[in-house]
Amino acid sequence: MMSAALTCEAHAQDQTAVQAQTQSKQGKDAQKQAAASPGAAALSRDEQIEVKAQRQNRMEVKSGGNLGALGNKKGLDVPFNVRSYTSALILNQQSQTLGDVLMNDPTVRTTYGYGNFSEQFIIRGFPVYGDDVSIDGLYGITPRQLVSPQLYDQVQVLNGASAFLNGAAPSGTAQGGNINLEFKHAGDTPLTRVTGDYTSSSMGGGAIDVGRRFGQDKQFGVRINVAGRSGVSAIDREKRHQVAVGGGFDWHDRSERTRVTVDMAYENQGVNGGRPGVLLSGLTSVPKVPAPGFNYGQPWTYTELNYIYGKLKVEHDFGKYLTAYGQFGGLGGNEKGNYSSLTVTNARTGAGTNGAMYVPYVQTNKTTQAGVRAHVQTGGLKHEINAGGSALWSDVATAYAMTLSPIKSNLYKPNLTSVAPAETFVGGNIDNPQLNNHTRLWSLFFSDTVSAFHDRVALTAGFRYQDIQMISYGYGKGAPTGYSTNAFTPVVGLVVHPTRQTSIYFNRIEGLSQGPQASGNVVNLGEIFPPYQSVQYEVGAKYDIGRFATSLALFQIDKPNAYSVPFGNSGQAIYSVDGLQRNRGIEFTVNGEIIKGLRFNGGASIIDADQRRTSGGLYDGNRAIGVPGYTINGNLEYDLPFIRGATVTGRVIQTGHQYADNLNKLRVPNWTRFDVGARYSFVVEHKAITTRLGVDNLANTRYWESAFGGYLLQGLPRTFKFSVTADF
């Protein structure tokens, strides 16, 4: 092992020497050129700036990411399907929400939460709520409704269950995948970047991104990001505003054995008169889609979201083979909104009703994680041992006020009122919401990754012991209810490298969710069920040569379902967790440069979401609500060879048909969307300038984007985006 290390070190030194000689020769050549022609040096400098700007602006999707208990890993070396979307992609596509970023992923689809404007994501046919999006592997510190992507260096997507890797998600989702965010930090090159942007129909904004390193050894790093926008979106009458401020601070000692990072952020977002999701009641067919920009939402609806959050992380290397780490984070959230979804009762005419509900929501989260990572060798086997634990405490204070007299309205000819109907049915104290529920999660994990045959074969085995405590205080009425229970979630994963650029992998991993609470007209109303575990099997193959990567995965996930069944001969029903949803599928992704100047990101996913063991067998064999049979994405970028600095882009997104009911009678048609864009990088007084123009939904197609949860979300209309970025 020592010999191998010395060999690698000598090889690295040789490479460094070669690079130094090459750079020296290039420097001398540049000096000769400058001496021969006074203007040549300036021209060469501008050309270098232009080329650098164009490279930094390239669409980039990296294979690999943060795998929680296992740390940051290259995708080729792990038995899981994970990839990362970079800040360059976020900037170039002018992404305004996390959903805009994930629109690039062929295995992810986005919808709204039930009755509000929060984004939730569908991976492998199962939801990921905003509460269950992590930051640097920590749950509980991400804004739970809308996320400003401008603060993050990477948006990482893990396909599949992750109870061992990340622990139980606080809101009980993430059964089919996980989303992780990584804050921006200062690089070696100073950065001062200013962006101004415009979005139709009349929304303006901008951003500032500044990064610097200080100290004799550049051991201190500071990265400040400020972004905001406000105005009317491409949907009629829908106003949105956003402010996000983030700071990433890092320090390392001279040996870089000790590393400390501090990340802090504030975010405010709001929606006024937004277009809501559409609920369905008693229909035998799906209503036709209104005009793309038409707004059937009530003008008095709004949501106002404020979050302050952050984390501290410390890492220390005890020599080459042992690293200890710990991090602590927190979030304070204050939300309020007056919400109203249109419930359509006549699919032909669009007739329906608008309710009204005011909800204040105050959340306080604290979360921590600590562990050790050790590398040891026994005989011809290498071991990477990961051991540690995590904990999360979440307190939610909330209340509600709702109307019992809904407004008559229409999907196509809405009855718009100037004020909300009287909200007379009240739960809790809406002026001063009290503690409604308390969640405590803590866990311990251990794993060993054993490598052999020069790392060509790696076997990972481990487990996480998870304890979940949940207490519901209701809305000030009755005694608290809840449970405290625990579960083991094991993992087994195998990776085989036939070549250094390929791998074949297998995993068996579980998901863990908080148990549901009995609702409806049932004899056990209010009963909270213990957590339930889902089981995933996955096999796949990967190919990665750095500039180009592709992967293929086949998976099966079994997840328990809850429903009401007859209770003896009493004529009543009882709520139970006896059902099953089995999702089987194939995923194929491709990322990277196909030929020089031509880059592609995309792929396809095929899912069979099968309901089993349903109540009385009524829905057995039917497809689960809102899960499309297939999803396809294709995103191309091409650097024009005849215009230096110019790039054209195109994207196609297609989603197969879905069902909005368990009987599979309400069929939502498949849809296709086309996006186009272009950008141009040039130099003005030795400063790089990049202009961007994008058009989303070029054909202004009208379509129902999602039916997940049994309600419809309409796709966005044609939207123009324009921005200018200057690097000083």
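Just so it is clear, the structure is predicted and the values come from calculations on it, not from any experiment. Side-chain atoms are counted along with the backbone in the values below, which use heavy atoms only and exclude waters and symmetry mates.
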Any donor-acceptor pair under 3.5 Å linking the side chain of [X] with the backbone of [Y]?
X      : Y      : answer
Gln658 : Val627 : no
Arg679 : Asn92  : no
Thr631 : Pro106 : yes
Ser95  : Thr97  : no
Asn365 : Gly140 : yes
Arg702 : Val289 : yes
Thr142 : Val133 : yes
Thr647 : Asp639 : no
Asn635 : Asn601 : no
Thr398 : Pro360 : yes

Pairing donors with acceptors under 3.5 angstrom, does anything connect the side chains of [X] and [Y]?
X      : Y      : result
Gln175 : Ser534 : yes
Gln150 : Gln242 : yes
Gln654 : Thr672 : yes
Gln93  : Asn104 : yes
Thr701 : Trp671 : no
Asn354 : Gln298 : yes
Glu335 : Tyr307 : yes
Asn334 : Asn306 : no
Thr301 : Asn338 : no
Ser233 : Arg275 : no
Ser200 : Thr719 : no
Tyr619 : Asn664 : no
Ser87  : Gln154 : no
Asn178 : Tyr139 : yes

Under 4.0 Å between a side-chain nitrogen and a carboxylate oxygen: does that hold for [X] and [Y]?
X      : Y      : answer
Asp608 : Arg582 : no
Asp696 : Lys721 : yes
Lys184 : Asp209 : yes
Glu637 : Arg651 : no
Arg109 : Glu705 : no

Could you walk me through whether Glu304 and Asn272 pass the side-chain hydrogen bond (donor to acceptor under 3.5 Å, both in side chains) test, one step at a time?
CA-CA 9 Å; Glu304 190 70 22; Asn272 293 81; 5.9 Å; no
Cation over ring face, Arg599 and Tyr638, 6.0 Å, 45°:
no
Angle between ring planes, Tyr296 versus Phe294, binned at 30° and 60°: parallel, tilted or perpendicular?
tilted
Partners passing side-chain contact (heavy atoms from CB on, under 4.5 Å) against Ser281 (at least two apart in sequence or in another chain)
Thr343, Thr345
By side-chain contact (heavy atoms from CB on, under 4.5 Å) - contacts of Phe425 (at least two apart):
Tyr400, Met402, Leu404
Approximate separation, where rounding is to 0.5 Å, of Asn116 CG and Met357 CE:
11.0 Å
Taking only residues at least two apart or on different chains, which pairs with a member in residues 89-114 satisfy ring pair (Phe, Tyr, Trp, His ring centres under 6.0 Å)?
Tyr114-Tyr711
Could you walk me through whether Trp300 and Ser418 pass side-chain hydrogen bond (donor to acceptor under 3.5 Å, both in side chains), step by step?
CA-CA 7 Å; Trp300 41 263; Ser418 58; over 6 Å; no
